Amino acid sequence: MQIRGSIGKRRRGVKNVARIISNSADKQLLVVISAMGKTTDALERLTRAYFEGLDSVQEIFEDIKGYHYQILEELFPDKAHPAFDDISNTFVEIDWILEDEPFDFDYIYDQIVSIGELVSTRIVSHYLGYIGVNNQWVDARNYIQTDNTYREGKVDWNKTRHLAEAQLLPLLQQKVLITQGFIGSTSENFTTTLGREGSDYSAAIFASCLKANGVTIWKDVPGVLNADPKWFDHTELIQQLSYHDAIELAYYGATVIHPKTIKPLQNNNIPLYVRSFLTPDAEGTVIGHIDKPLPVPSFIFKVNQVLISILPKDYSFIIEENLSQIFDILHKYKVKVNTMLNSALSFSISVDHDEEKITKLIAALSVTYRVKYNKGMELVTIRYYNQQTIDRVTANKKVLLEVKSRHTCQMVMKDNIEAFE
Ligand code: ASP
Ligand code: MG
């Protein structure tokens with residue numbers, strides 16, 4: 001199974017994390033940790049298998065447990081260390097769920113998937129104690145209060161701020177606090193999650209409620225780069241980034257920062273540092289109130305796009321009424337528009353290719369409109385573009401849609417030309 005591949009890396013991961021924390025243990029420090037390796041993906045698979053009644057349920061669960069026990073064994077030579085019992089008791093919560101009949105997917109998802117963060121934080125907290133760092137494991141669910149929108153919990157800022165201020169501030173003076181990213185709790189004490197990759201957002205919530213001096217996100221990249229190294233051989237590190245540019249980059253799909261992370265920090269003027277745990281002494285990127293535009297153009301690639309053109313059946317103009325109806329349909333099927341362009345006779349959008357959603361969306365739009373679509377497209381966004389950067393990404397491509405604002409250019413394109421279906 002995939003998550004096994006990274007065990008060695010993860011063990012080193014725990015040791016790296018511990019080194020970074022112990023180097024800063026003299027400061028007031030709240031550490032927000034997400035699940036290890038590909039655990040969240042595996043727990044998602046487990047939840048789906050349980051819902052679909054598949055035989056693979058136990059096998060997936062055993063793999064997840066095995067992955068964590070192997071890490072524990074490498075960290076704690078003494079098999080009687082309390083960490084072993086603690087982790088096994090945490091996993092028992094999943095056993096209890098699996099014994100019952102499945103109901104309400106989103107609710108069960110949060111109860112199962114949150115276990116990834118509960119075990120990773122317990123492991124790190126035990127390991128820190130083992131190497132002599134005075135720390136306390138803190139249950140984020142006692143602080144991050146949300147509504148009951150499972151899988152996408154909306155934070156109740158007043159309650160969260162009140163609880164964090166009253167209880168965490170005094171504790172922070174005494175020891176390092178270790179808590180979970182990504183998870184929260186409803187007022188009835190049910191676990192919620194804040195949306196995939198939500199740990200950065202958790203850190204921003206805690207930071208804003210506790211009026212932190214700064215937030216540092218430790219990644220396996222040296223900081224914010226001007227493109228994902230997956231697409232370009234040569235990328236450049238952006239040393240300073242304004243909140244505004246960071247929000248724009250996250251919005252267009254730069255995966256290094258979760259889109260919701262910046263706002264709470266910007267509102268409280270808290271700088272965000274993005275650094276690499278592989279090179280912990282390097283400075284990385286700082287995001288803050290910076291008056292300069294990006295020093296280099298930045299590129300964001302999204303593949304597997306569908307370009308959809310929506311046209312009134314009778315060749316009438318696209319007017320506000322059509323647009324509002326189209327957006328109602330998009331909202332109904334939870335399809336996020338990555339870019340859009342309006343002309344007299346058609347409205348075009350580029351969206352992620354999620355087969356199930358797109359099929360339903362096209363069927364719904366087709367009731368009123370003529371719908372043309374083209375799959376297998378790429379969407380490239382260039383922030384601070386110029387002609388040279390456009391030429392660079394469009395070489396050997398056919399551009400089907402181009403949207404430019406003063407600082408941002410978005411292009412939907414494809415390798416070779418294909419007629420609309
Ligand atoms: N573990 C969660 C996820 O993978 C949250 C995070 O990593 O930020 O989505
Ligand atoms: Mg994760």
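Indexing begins at 1, ligand by ligand and atom by atom, following the structure's order. Computed from a prediction, not measured in an experiment: that's the story for all the values here.
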**OP:** Assign the ring pair Tyr201 / His258 to parallel, tilted or perpendicular, where the plane angle (0 to 90°) is split at 30° and 60°.
**Re:** parallel
Original post:
Looking at residues at least two apart in the chain, or sitting in another chain, which of them share a side-chain contact (heavy atoms from CB on, under 4.5 Å) with Glu188?
Top reply: Thr186, Phe190
Subject >> Within the 4.0 Å heavy-atom sphere of ligand 1, strictly under, residues >> reply: Ser34, Ala35, Thr40, Glu117, Phe182, Arg196, Glu197, Gly198, Ser199
Original post:
With a distance cut-off below 6.0 Å to the six-membered ring centre and an angular limit of 45° from the axis, does Lys263 pair with Tyr251 as a cation-pi contact?
Top reply: no
Which donor-acceptor pairs under 3.5 Å do the side chains of residues 294-308 make with protein atoms, sequence neighbours left out?
unit_1	atom_1	unit_2	atom_2	d
Gln305	OE1	Asn338	ND2	2.9
Gln305	OE1	Ser350	OG	2.9
Gln305	NE2	Val303	O	3.4
Gln305	NE2	Asp352	OD1	2.8

Original post:
Is the closest basic N to carboxylate O distance between Glu52 and Arg45 below 4.0 Å?
Top reply: no
Original post:
Quick one: side-chain hydrogen bond (donor to acceptor under 3.5 Å, both in side chains) partners of Tyr143, sequence neighbours excluded?
Top reply: Gln167
